[in-house]
Amino acid sequence: MKKESLCLHAGYVPKNGEPRVLPIAQSTTFRYTSTEEVARLFDLAENGFFYTRLGNPTVDAVEQKIAALEGGVGALCTSSGQAASLISVLNLAKSGDHFVSSGSIYGGTFNLFAVTLKRLGIEVTFVDQKASDEELDRAIRPNTRLVFGETLTNPSMDVLDIERFAALAHRHGIPLIVDNTFATPVLCRPFEFGADIVVHSTTKYLDGHAVQMGGVIVDSGHFDWAAQGKFPEFCEPDPSYHGLIYTQAFGKAAFIVKARAQLMRDLGCCQTPQGAFYLNLGLETLPLRMAQHSKNGALVAEFLAAHPAVQNVKYPGLSSSADRALAAKYLPHGCCGVISLELKGGRQAGARFIDSLKMISLEVHVADIRTCVLHPASSTHRQLTDSQLAECGIAPGSIRLSVGLEHPDDILDDLKQALDPLIAER
Ligand code: PLP
């Protein structure tokens, strides 16, 4: 099936007389009649649900849908995008290990990597994703376990050269994890370019309506965990799971089964059945929404780039964008609705602009059906120092505009009435 059809049909096919719409299995637990059967479920010898932290029919249907959309062998929904990033890294790295991440990533992920994982003994090196291959190679150490980047970086809107990053990771025998939140599988499927694991904040476009917090990890099934001898936890008996060997028991799905059986079991950051239901509703219209977000985003980016109050606009779909060629390769169907801009007059002009908007609202959110705006340096990236902000590609006056699905005339009118007075002031 094509993506449009997968969004409607993957993961849940009702049998005769069953509900047409994915039902919410609002139950923490499931009844069985034999201890033998429950034991087989606990051994992972049989598929089935026994406790919602580890699996639930509603959540499972959405996991299957997202895995199908990304072209992976399996997926694990989490309570938030942060939990997805955390579990994806912890599934590969332990205390004493190291990983490499692009510095141009969401501020919350930056903090998770730079502060919290460091406290757990896992060290990160942030790299400039535009650095040369030689510089990137130098960041890799013998104990480096993975490389991480975002398809479209939040909020700087740079495009990750996924093939180059996958080649970097693979020549050192480690996997590439790509956060595909802004692109969604409708605009880019990182597995087609060599990524091994994909994560999302489903709180953003995948839901798209701002009604659900969530994340998801998708496993391509492509990485050979046994080949390099760097990942014994996949190929040797797991003492916390009565000696299970993930690669032997689950083959290509070893990563995602281990993430669920070991880390979701122990950390407990699961998606809820209700949350998965909302997420599924959003997913049903994802292709339509991404096409329109991208169309409106391109229109608004052109308008902003031509406005005399605007210093610069970052949107890879712009013909003037330095990432135009990367966008043509990785995002041929559009670059979503997120735009990064800076006004002449910096931080102050930015605050005046945001405060003057009428329809467009100031929200700690992005990638949503309604147009919203945010000043990252004073909100999502507030904990970062100026030099860390620069590493993430953010100027103190940067503004992140998330273009929604209102009529473009209304979006442009609101922007114009807030921007025009700033020209007179200069
Ligand atoms: N990744 C990206 C690219 C994000 O934009 C966000 C949140 O804005 C996250 C991860 C974290 O997701 P959540 O807020 O669902 O925890």
Side-chain angles (χ1 to χ4, degrees), residues 62 66 70 75-90 101-117 124 126 129 148-160 162 177-185 187-188 190 195 197-218 267-272 275-276 278-279 282-283 290 293 314 316 330-331 335-340 362-368 372-384 392-394 398 400-403:
V62 178
I66 297 174
E70 287 286 7
L76 173 67
C77 278
T78 57
S79 54
S80 67
Q82 286 299 91
S85 301
L86 174 68
I87 289 188
S88 68
V89 174
L90 288 185
S101 172
S102 164
S104 292
I105 50 172
Y106 165 60
T109 316
F110 192 99
N111 228 55
L112 166 68
F113 290 176
V115 180
T116 301
L117 287 183
V124 66
F126 290 111
Q129 63 184 44
F148 187 99
E150 292 178 1
T151 311
L152 271 169
T153 63
N154 177 7
S156 55
M157 289 305 282
D158 295 309
V159 181
L160 182 73
I162 299 171
I177 303 181
V178 170
D179 181 332
N180 199 32
T181 296
F182 277 10
T184 82
L187 299 180
C188 177
I197 307 296
V198 155
V199 295
H200 286 270
S201 165
T202 62
T203 318
K204 308 299 174 325
Y205 283 129
L206 294 191
D207 158 2
H209 299 74
V211 292
Q212 164 268 168
M213 285 296 302
V216 70
I217 306 170
V218 192
L267 301 179
C269 39
C270 57
Q271 175 58 284
T272 62
Y278 290 132
L279 174 55
L283 284 167
M290 292 318 292
H293 278 296
K314 283 191 75 182
Y330 294 111
L331 301 149
C335 296
C336 87
V338 186
I339 298 170
S340 169
L362 169 60
E363 285 170 35
V364 181
H365 192 41
V366 64
D368 183 57
C372 59
V373 70
L374 189 73
H375 176 227
S378 62
S379 54
T380 47
H381 293 65
R382 193 176 178 77
Q383 280 83 12
L384 306 194
C392 290
I394 303 167
S398 292
R400 188 182 68 195
L401 179 67
S402 175
V403 180

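Counting from 1, the numbers follow the sequence of the chain as shown. Both ligands and their constituent atoms are indexed starting at 1 by order of listing. Because only heavy atoms are used, hydrogens play no part in the values below, and waters and symmetry mates are left out as well, while side chains stay in.
Counting all heavy atoms, side chain and backbone alike, M290 lies closest to C336 at CE-CB, 3.9 Å.
Of the protein's non-hydrogen atoms, the one nearest atom 7 (C) of ligand 1 is K204 NZ, 2.8 Å. Among all protein heavy atoms, the one lying closest to atom 15 (O) of ligand 1 is T203 OG1, 2.6 Å.
In terms of N/O distances under 3.5 Å, ligand 1 is not approached by M213. Considering backbone and side-chain atoms together, N154 places an N or O closer than 3.5 Å to an N or O of ligand 1. Residue-to-ligand polar distances keep E150 apart from ligand 1: every N/O pair is separated by 3.5 Å or more.
G214 counts as a contact of ligand 1, since one of its heavy atoms falls under 4.0 Å from the ligand.
Set against the non-hydrogen atoms of Q82, the atoms of ligand 1 under 4.0 Å away are 11 (C), 12 (O), 13 (P), 16 (O).
Taking each of D179, V364, T181 in turn, the one with a heavy atom nearest to atom 1 (N) of ligand 1 proves to be D179. Compare G81, A83, G215 by their heavy atoms: the one nearest to atom 13 (P) of ligand 1 is in G81.
Only one option out of N180, T202, V198, T78 pairs with V216 in a side-chain contact (heavy atoms from CB on, under 4.5 Å); it is T202.
In H200, neither the side chain nor the backbone holds a heavy atom less than 4.0 Å from any atom of ligand 1.
Heavy atoms of other residues, nucleotides or ligands lying less than 6.0 angstrom from CZ of F126 number more than 12.
Aromatic ring pairs are classed by plane angle as parallel below 30°, tilted from 30° to 60° and perpendicular above 60°; the pair F182 and Y205 is perpendicular.
Between the side chains of E150 and T181, no donor N or O sits under 3.5 Å from an acceptor N or O. With 3.5 Å as the limit, one finds no donor-acceptor pair spanning the side chains of D158 and Q129.
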Item to check | Evaluation steps, side chain to side chain contact (heavy atoms under 4.5 Å, CB included), between N111 and T116 | outcome: CA-CA 7 Å; N111 228 55; T116 301; 5.8 Å; no

